[in-house]
There are 2 protein chains.
Amino acid sequence: MPNPTSRAASQPALTRLPRGTLSQAVIIEAALAVSERKGLGALSFQALGAELGAHPTAIYRHFRDKDELVLAVVDGLYAEMLAELAPSSEDWAADLRTLATTMHDVFVRHPAVAQIAAARTSRREHEFELVEQTISCFRRSGMTDADAARYYRIFSDVVLGYSAIDAALAALDPKLREADLRAWQVEYRTLPPAEFPNLTAVTSHIPAIDDPSNFRTAVDLMIEAIRARTAAAEVAD
Amino acid sequence: MPNPTSRAASQPALTRLPRGTLSQAVIIEAALAVSERKGLGALSFQALGAELGAHPTAIYRHFRDKDELVLAVVDGLYAEMLAELAPSSEDWAADLRTLATTMHDVFVRHPAVAQIAAARTSRREHEFELVEQTISCFRRSGMTDADAARYYRIFSDVVLGYSAIDAALAALDPKLREADLRAWQVEYRTLPPAEFPNLTAVTSHIPAIDDPSNFRTAVDLMIEAIRARTAAAEVAD
DNA sequence: ACCTGAACACCGTTCAAGT
DNA sequence: ACCTGAACACCGTTCAAGT
């Protein structure tokens with residue numbers, strides 16, 4: 001894999017850093033800025049040092065190790081997401097859809113942070129707030145608290161997992177992404193029908209892997225199934 | 001983050017490698033073996049060299065670069081999955097469930113490969129076979145070819161994304177994983193109810209992030225929604 | 001033809017040194 | 001107290017050298 005870190009792209013630190021300008025907040029902001037311009041290699045101490053105009057190891061003054069940094073940046077991602085979130089409505093399913101698409105947008109914009117965020121618990125304030133808002137949607141639907149908790153976890157993981165895939169694909173080295181996309185237009189369309197009868201019968205209908213409507217349909221399907229299940233449970237009472 | 005590569009765990013190459021013993025198949029097998037014992041750092045040239053008892057760069061004789069290696073190993077993962085797959089039945093939904101759980105198992109067993117597999121197209125024979133079998137399930141359900149293609153993509157991406165999250169969590173440094181799991185038992189259970197009324201109302205019901213039934217429920221929900229949609233389309237005809 | 005050794009530009013992390 | 005420089009064990013990749 002070619003190294004995703006391009007030396008030309010990182011601005012050289014021409015000015016020395018004034019004392020006491022570094023802080024957790026400043027570093028998190030810088031991390032989100034690099035992760036918007038660079039790909040999966042954005043979250044290194046060197047990339048951050050260059051962005052801040054500081055020595056890479058200066059960051060250790062403010063975060064115990066990489067994991068503490070990384071969880072703080074993940075929570076910064078959730079802060080950015082909450083700031084962009086449309087206000088909640090009286091429609092719990094619409095609010096769930098808004099939550100999901102906003103998360104997807106923010107993940108694709110910051111792929112390096114997204115890869116980590118998907119499988120981690122930041123256990124910091126903006127994650128708490130995000131969980132609160134998601135659970136609020138399920139509770140407003142009228143389901144039991146046990147169901148709200150269960151479907152919160154499953155819905156969130158599906159959204160996190162799908163968004164992380166789309167983020168990773170968007171951040172892939174352009175040459176590799178092109179080759180992957182082309183495979184579905186070329187290799188998959190010239191397979192022998194005798195060996196792959198079902199595949200070849202439908203290849204022309206397979207949506208592109210980078211089609212953003214795939215994610216939206218996945219979210220709609222989850223909501224439909226959860227609604228159908230909890231409606232059936234209510235009738236059974 | 002502590003380095004996931006442990007020197008003590010990798011066997012030293014005491015014997016020199018006989019000429020001509022290296023091949024694509026041997027290297028892929030070794031890669032799947034290391035990725036079963038080591039975590040996210042399993043797929044490096046050094047780890048592979050140690051496993052093979054060969055110089056790390058000897059691999060370049062057999063694969064052009066890391067990406068070609070990686071796509072071949074991803075396809076090796078699909079080969080392993082297909083070998084473990086239970087034979088298909090007359091129940092398309094049950095077959096889809098089997099496909100999903102087998103993929104989840106293989107991903108969790110090889111987390112380093114899984115992280116890459118989720119967002120890539122190997123465009124090699126075992127991936128073709130996997131796509132063929134998945135599309136076969138949807139076509140047997142009686143839906144249109146266009147729907148089979150659409151739902152293949154969305155169902156597969158949900159399974160891939162969720163499995164990749166569970167794989168990453170399972171491969172996390174044990175200390176970090178413990179801290180993440182504990183957050184849901186401690187931090188999340190001591191939040192102020194005034195600020196987080198919905199969260200605190202249901203915290204005791206939230207399933208653990210490593211509960212394997214979360215994934216199975218997600219798969220069931222997807223199948224239920226797809227079945228409901230296509231049944232409704234049939235009635236409309 | 002197939003494998004090794006040395007080199008290069010990257011990683012995270014530690015620690016002594018500067019201010 | 002806050003930041004820098006040098007060092008260490010890792011990365012992927014290239015290329016000259018060995019057999």
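It should be emphasised that the depicted structure is a prediction, and the values quoted were computed from it without experimental measurement. Below, chain A is the first sequence line, B the second, and so on; all start at residue 1.
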Open item on the list: If you define the side chain from C-beta out and look only at heavy atoms, does anything of A/L77 sit under 4.5 Å from A/F107?
Closed with: yes
Take atom [atom1] of [X] and atom [atom2] of [N], then tell me their distance rounded to the nearest Å.
X: B/H55; N: C/dT4; atom1: NE2; atom2: P; value: 7 Å
X: B/Q46; N: C/dA6; atom1: CD; atom2: C1'; value: 14 Å
X: A/L22; N: D/dC3; atom1: CG; atom2: P; value: 5 Å
X: B/F63; N: C/dC2; atom1: CZ; atom2: P; value: 14 Å
X: A/F45; N: C/dC10; atom1: CZ; atom2: C1'; value: 15 Å
X: B/D65; N: D/dG12; atom1: CG; atom2: C1'; value: 10 Å
X: A/Y60; N: C/dT14; atom1: OH; atom2: C1'; value: 8 Å
X: A/K66; N: C/dC11; atom1: NZ; atom2: C1'; value: 9 Å

Open item on the list: Which nucleotide wins on minimum distance to the side chain of A/T57, given the candidates C/dT13, D/dC11, D/dC2?
Closed with: C/dT13
Task: Modelled atom types, side-chain donor and acceptor of A/H110 and A/S35, under 3.5 Å - done: yes
- [ ] Check the angle between the aromatic planes of A/F45 and A/Y60 and answer parallel, tilted or perpendicular using the 30° and 60° thresholds.
- [x] parallel
Open item on the list: If you assign B/R61 and A/P56 each to the DNA chain C nucleotide with the nearest heavy atom, which residue ends up on the more 5' nucleotide?
Closed with: B/R61
- [ ] Determine, step by step, whether A/Y162 and B/Y162 satisfy the ring pair (Phe, Tyr, Trp, His ring centres under 6.0 Å) criterion, reporting the C-alpha distance in whole Å, the side-chain angles of both residues, the deciding distance to 0.1 Å, and the verdict.
- [x] CA-CA 7 Å; A/Y162 214 122; B/Y162 214 121; over 10 Å; no
Task: Salt-bridge criterion met for A/D211 and B/R150 (N-O under 4.0 Å) - done: no
Task: Base-pairing string, 5' to 3', of DNA chain C - Watson-Crick or wobble, under 3.5 Å, | interstrand - done: ||.|||||...|||||.||
Task: By side chain to side chain contact (heavy atoms under 4.5 Å, CB included) - contacts of A/E84 (at least two apart) - done: A/E80, A/T102, A/V106, A/R109
Open item on the list: Checking B/P212 now: which residues fulfil side chain to side chain contact (heavy atoms under 4.5 Å, CB included) with it, not counting sequence neighbours?
Closed with: B/R216
Open item on the list: What's B/I59 touching, base or sugar-phosphate or nothing? Going by heavy atoms closer than 4.0 Å.
Closed with: nothing
TODO: Establish, with yes or no, whether the OP1 or OP2 oxygen of C/dC3 is under 4.0 angstrom from a side-chain nitrogen or oxygen of B/H62.
DONE: yes
